[in-house]
Amino acid sequence: GIEETVGKSLGSDLKNGEPTLPLIHLFANSSGARKQELLNMYKPGSCGPTRDALRPYLERAGSVEYAISIAREEIARARDEIKFLPASGAKAALLEIPDYVLDRTS
């Protein structure tokens with residue numbers, strides 16, 4: 001994403017060593033030389049991977065698309081959970097928030 005579009009700083013999870021769904025997917029779906037390249041980025045003494053270094057790996061593995069598909073599934077579940085609520089401005093706002101969040105990040 002683009003920081004101005006997303007509305008938050010990007011890469012802070014990576015800098016802090018916090019795993020994200022795309023990164024978990026990437027490692028789970030990498031093997032051989034590709035996985036070794038990724039592991040080398042995390043060796044002690046290295047600065048760790050950057051967003052730019054990881055981007056081609058994430059794209060090849062379909063990791064971002066995977067994370068977006070999981071987000072869409074969770075949104076559908078959340079919408080199902082509030083179906084019982086009567087129609088109101090608050091409910092309408094709740095239903096619009098997920099689309100806004102996904103549209104600004106994908």
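Residues satisfying the side-chain contact (heavy atoms from CB on, under 4.5 Å) test with Gln36, not counting sequence neighbours, are Leu39, Asn40. Not counting sequence neighbours, the partners of Leu94 by the side-chain contact (heavy atoms from CB on, under 4.5 Å) test are Ile82.
The two atoms that bring Arg79 and Leu95 nearest to each other are NH2-O, 2.7 Å, heavy atoms only. Across every non-hydrogen atom of Pro22 and Ser63, the tightest pair is O-CB, 3.3 Å. Across all their heavy atoms, Met41 and Ala53 have their closest contact at CE-O, 4.1 Å. Across Lys91 and Leu85, no two heavy atoms sit closer than the pair NZ-O, 2.8 Å.
In this structure, Thr20 OG1 and Leu58 CG are separated by 7.5 Å, a value rounded to the nearest 0.5 Å. If you take CZ on Arg77 and CG on Asp80, they are separated by 9.5 Å, rounding to the nearest 0.5 Å. Taken from CD1 in Ile70 to NE2 in His25, the straight-line distance is 8.5 Å, to the nearest 0.5 Å. A distance of 11.5 Å separates CD in Glu59 from CG in Leu26, rounded to the nearest 0.5 Å. Residue Ile68 holds its CD1 atom at 10.5 Å from CG of Leu21, rounded to the nearest 0.5 Å.
Tyr57 is connected to Phe27 through a chain of hydrophobic side-chain contacts under 4.5 Å among Ile, Leu, Val, Met, Phe, Trp and Tyr, so both are in one cluster.
Proximity of Ser69 to Glu65: side-chain heavy atoms (C-beta onward) are nowhere separated by under 4.5 Å.
Taking a cutoff of 4.0 Å between a charged side-chain nitrogen and a carboxylate oxygen, Arg34 and Glu37 do not qualify as a salt bridge. Ion pairing between a basic and an acidic side chain is recognised when a charged N comes within 4.0 Å of a carboxylate O; Arg55 and Asp52 show such pairing.
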